[in-house]
Number of protein chains: 2
Amino acid sequence: MPDATEGSATRREELLAIAAGLFAEKGFKNTTVRDIADASGILSGSLYHHFDSKESMVDEILRTFQEELFGQYDAILASDAGPLDQLEQAVVVSFEAIDKHRDEVAIFQNEAAHLLTFERFGYLAERNEQSRDVWLTLLRNGIEAGVLRDDLDVELTYRFIRDTVWVAVSWYRPGGRRTHTEIARQYLSILLEGIHCA
Amino acid sequence: MPDATEGSATRREELLAIAAGLFAEKGFKNTTVRDIADASGILSGSLYHHFDSKESMVDEILRTFQEELFGQYDAILASDAGPLDQLEQAVVVSFEAIDKHRDEVAIFQNEAAHLLTFERFGYLAERNEQSRDVWLTLLRNGIEAGVLRDDLDVELTYRFIRDTVWVAVSWYRPGGRRTHTEIARQYLSILLEGIHCA
DNA sequence: GTCTATATCAGGATAGAC
DNA sequence: GTCTATCCTGATATAGAC
């Protein structure tokens with residue numbers, strides 16, 4: 001009785017995970033349907049029993065991931081933690097996502113700009129907007145509460161945070177010298193206090 | 001008398017600029033030789049009078065750009081400015097590159113990882129290594145001189161700087177609300193002093 | 001659910017005329 | 001230096017047997 005809610009992944013999820021790994025590693029366009037089939041131990045034609053197209057695969061991969069991630073951001077915003085705590089939690093959650101869903105983050109990072117040009121992936125633009133809202137809210141709350149500098153361009157600051165957090169996916173490797181929590185902590189230290197001597 | 005040293009670009013340079021724009025916008029793999037030819041007002045076959053292959057084009061684009069950029073880094077390191085000044089200059093020069101060579105930076109950012117897997121583009125790995133040396137040297141000099149915090153992981157700090165600087169190419173638009181110098185200044189302010197209240 | 005076989009098409013590249 | 005014409009390969013996707 002295959003069931004998506006079970007611990008063991010369904011065949012569909014297995015195939016998606018394999019595809020995600022390839023998309024992340026070689027890029028969407030550079031990964032052929034045959035690559036995915038090979039890695040799955042079946043032939044390319046068989047993949048079409050499970051999915052409409054290569055696009056459907058990347059679509060499902062990104063949708064699932066973003067639903068989870070934005071659920072976490074919402075929970076943080078809805079919590080009664082202070083503005084600084086919320087900002088820190090958002091950073092931690094993001095690095096956690098890089099650790100737990102590396103492929104998905106990488107795909108989003110590397111392919112979103114291109115996929116965005118197709119109507120089918122319009123929801124990615126909405127997610128971008130939503131992410132911007134989250135970070136801007138966190139920053140503005142911090143400034144209002146007097147814990148963050150009020151002389152910085154909020155829009156620029158948001159971009160720097162967003163970029164630095166997500167781009168870490170390009171070099172972070174789970175099981176490496178530093179855990180994602182350590183990285184998040186160091187990152188927050190730089191972001192909050194700067195690298196200059198006090 | 002067409003001459004590369006003249007103010008007016010040679011046909012070759014014109015074509016490379018057009019190709020660079022497309023590579024940056026749509027990605028290397030997603031840009032067809034016919035796309036480049038169309039944008040240049042000629043037919044695809046004619047391009048092969050000027051270049052061996054699509055790969056040769058991106059190769060020449062990246063080589064030329066990197067030669068210039070690393071020349072600037074070398075000049076900064078060789079100067080007798082203080083460690084903090086040198087670090088600031090390196091950041092400024094990088095944002096300048098984003099302004100003046102947006103396409104080239106974007107191509108390097110988006111395609112290097114993939115191109116790197118081909119022997120032909122092995123020099124990109126060397127350039128990465130060289131870039132790492134530059135930033136690590138700047139950071140270590142700063143720490144040694146006592147102007148930078150010594151409690152940070154230098155390797156992580158380097159990555160954060162590198163990533164945040166270059167990823168700006170994905171959103172920076174020349175002629176926008178902020179000049180590249182303003183952006184560099186704000187960025188340095190965050191990097192050096194942090195966003196937390198003093 | 002997977003395989004065999006194949007239709008269909010797009011893209012990189014070439015040869016030779018103009 | 002550009003065009004015409006075309007080759008060749010590799011990629012997505014389909015249809016139907018097992």
Side-chain angles (χ1 to χ4, degrees), chain A residues 1-4 6 8-62 107 110-111 114-115 117-121, chain B residues 1-4 6 8-62 107 110-111 114-115 117-121:
Chain A
M1 51 178 87
D3 181 352
E6 295 262 350
S8 67
T10 62
R11 182 71 171 135
R12 182 185 191 77
E13 285 164 345
E14 251 179 83
L15 294 173
L16 280 181
I18 291 167
L22 290 168
F23 291 156
E25 187 194 325
K26 315 175 17 153
F28 178 68
K29 189 87 187 219
N30 294 308
T31 302
T32 72
V33 173
R34 288 197 249 272
D35 287 338
I36 302 169
D38 282 357
S40 310
I42 58 177
L43 291 190
S44 66
S46 307
L47 268 182
Y48 289 84
H49 173 72
H50 302 275
F51 305 97
D52 279 357
S53 64
K54 200 172 79 162
E55 272 191 11
S56 301
M57 292 191 219
V58 78
D59 193 349
E60 192 166 334
I61 290 166
L62 290 178
I107 295 169
N110 300 326
E111 314 289 341
H114 174 236
L115 294 175
T117 63
F118 303 102
E119 212 178 329
R120 158 163 211 173
F121 294 97
Chain B
M1 53 179 87
D3 182 352
E6 295 263 350
S8 67
T10 64
R11 182 72 172 136
R12 182 184 191 79
E13 285 164 346
E14 252 179 83
L15 294 172
L16 279 181
I18 290 167
L22 290 168
F23 291 156
E25 187 195 325
K26 315 173 16 148
F28 177 68
K29 190 90 187 219
N30 294 307
T31 301
T32 71
V33 173
R34 287 177 177 86
D35 286 339
I36 302 169
D38 283 355
S40 311
I42 58 178
L43 292 190
S44 67
S46 308
L47 269 182
Y48 288 85
H49 173 71
H50 302 276
F51 306 98
D52 279 357
S53 64
K54 198 170 80 162
E55 271 190 12
S56 300
M57 291 191 222
V58 80
D59 193 348
E60 192 166 334
I61 290 166
L62 290 177
I107 296 169
N110 301 325
E111 314 290 341
H114 174 237
L115 294 176
T117 63
F118 302 101
E119 210 178 330
R120 158 162 210 173
F121 294 97

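Residue numbers begin at 1 in each chain, while the letters A, B, ... track the order of the sequences.
Within residues 45-58 of chain A, the residues having any heavy atom under 4.0 Å from DNA chain D are, by residue number, A/G45, A/Y48, A/S53, A/K54. Residues from residues 20-41 of chain B with heavy atoms under 4.0 angstrom of DNA chain D: there are none.
Residues forming a side chain to side chain contact (heavy atoms under 4.5 Å, CB included) with B/T117 (at least two apart in sequence, or on another chain): B/H114. In this view, A/D59 and A/R63, A/R120, A/F121, A/Y123 satisfy the side chain to side chain contact (heavy atoms under 4.5 Å, CB included) rule, not counting sequence neighbours. Partners of A/A39 by side chain to side chain contact (heavy atoms under 4.5 Å, CB included), not counting sequence neighbours, listed by chain and number: A/I18, A/L22. Residues satisfying the salt bridge (Lys or Arg N to Asp or Glu O under 4.0 Å) test with B/E60, not counting sequence neighbours, are B/R12.
Residue contacts for B/I42: at a heavy-atom cut-off of 4.0 Å it reaches the sugar-phosphate backbone alone, with no base atom in range.
Remark: A/D38 CG to A/T32 OG1 distance equals 7.0 Å, nearest 0.5 Å.
Residue pairs meeting the ring-ring contact (aromatic ring centres under 6.0 Å, His included) criterion with at least one partner in residues 27-61 of chain B, sequence neighbours excluded, are B/F23-B/F28. The salt bridge (Lys or Arg N to Asp or Glu O under 4.0 Å) pairs that include a residue from residues 17-37 of chain B are B/K26-B/D35, where partners are two or more places apart or lie in different chains. Among residues at least two apart or in separate chains, salt bridge (Lys or Arg N to Asp or Glu O under 4.0 Å) pairs with a member in residues 14-24 of chain A are A/R11-A/E14.
The closest side-chain heavy-atom distance from A/I36 to A/M57 is below 4.5 Å.
You can see that DNA chain D meets the heavy atoms of chain B within a 4.0 Å-exclusive cut from D/dG1 to D/dT4, reading 5' to 3'.
Taking both residues in full, the closest heavy atoms of B/L47 and B/V33 are given as CD1-O, 3.7 Å, listed atom of the first, atom of the second, then distance.
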